[in-house]
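Accompanying notes for the structure given below.
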Amino acid sequence: MTFRTTPRVLATATAALLALTGVAACSADTTAGGDPERVDVVAGFYPLQFLAERIGGDAVSVTNLARPGAEPHDLELNPRQVGQIIDAELIIFLDGFQPAVDQAIEQNGGDRAFDVAAVEPLLDATAGGHDHDHGDEHDHGDEHADEVSDGAKDPHVWLDPTRLATIGDKLAERLGAVDPDHADEYAQRAATLRTELERLDTEFTEGLKTCQRREIVVSHTAFGYLAQRYQLAQIGITGLSPEDEPSPQRLAAVTEEAREHGATTIFFETLVSPKVAETIAREVGAQTAVLDPLEGLSTGNSGEDYLSVMRTNLQTLRTALSCS
Ligand SMILES: [Zn+2]
Ligand SMILES: [Zn+2]
């Protein structure tokens, strides 16, 4: 049997080839640029994802680089995620918080990066910390001196709702520059979010106004902004990063602090091991409870968001500090 190329067969083959090429081009576009109708936004970790989704709405498509349930400080990027950074139209990150993300942006971010730390100046790492400058009977302030190195900045800025609102306003401006057609929507959604965050701020101020204790013993030193905003004093078991191992001296000092201030609760986090907090709690006869630094949502928490987790934090604090 011989194969005869009639004009009709040729035409069909050509059409099929064109169709194939078309399909190939289409799918290549999809992997490279994402949804052409939406702004592709990459966020370094959960609170930045929250901001981008609330302000961007359906005009953006947001990818969070940190996996749900994973602690984001020590995030390592796989090649696919580096590709997402290269392809993104806007990358929201917090310089100094996730070294791997900082590095990828330095190499590939160009002018598509939005640095949260650049729009809302960070506090020194010592802010909101506990010291004994009030000159009362217990004079052991030097023990806190080794907690942080000089000049270090505290990245946990999202735990002050009013600062998060300011970051949201700036993000709306930036999104409006990337996507001018939707600039008004972004500004409007940022204003709505600001209202909600200010309501949350009022609830914290009111809820923590009158408490029997104001010292909070927490697992890593993530609550400086919260402490500063609501006049609490943070005693961190470890430093600014949850991976730091507390020294035996540090453990002893924190245990002593917890005792001295009559702490009834030692706080731990959802995304790191509660072991050290439990040890101290057992030592001083306190309970443990989750105070969530919101670096990521824990898995199985799909119904939660920044606002709901912060409200749970407020109730936890009110109980632990005996607030009226
Ligand atoms: Zn942290
Ligand atoms: Zn003390």
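Just follow the structure's listing: the first ligand is 1, and inside any ligand the first atom is 1. Note: hydrogens, waters and symmetry copies are ignored here, and every other heavy atom, side chains too, is used.
- For Glu295 and His220, the side-chain atoms include at least one donor-acceptor pair closer than 3.5 Å.
- Taking the Zn ion (ligand 2) as the corner point, the angle from His130 atom NE2 to His261 atom NE2 is about 90° (rounded to 10 degrees).
- There is no side-chain donor-acceptor pair under 3.5 Å between His73 and Gln98.
- If you look at Glu295 and ask which of its N, O or S atoms sits nearest the Zn ion (ligand 1), the answer is OE2.
- The name of the N, O or S atom in Glu257 nearest to the Zn ion (ligand 2) is OE1.
- You'll find the ring centres of Phe45 and Phe97 inside the 6.0 Å limit.
- No side-chain N or O of Glu283 forms a donor-acceptor pair with one of Thr255 less than 3.5 Å apart.
- Nearest N, O or S atom of His156 to the Zn ion (ligand 1): atom NE2.
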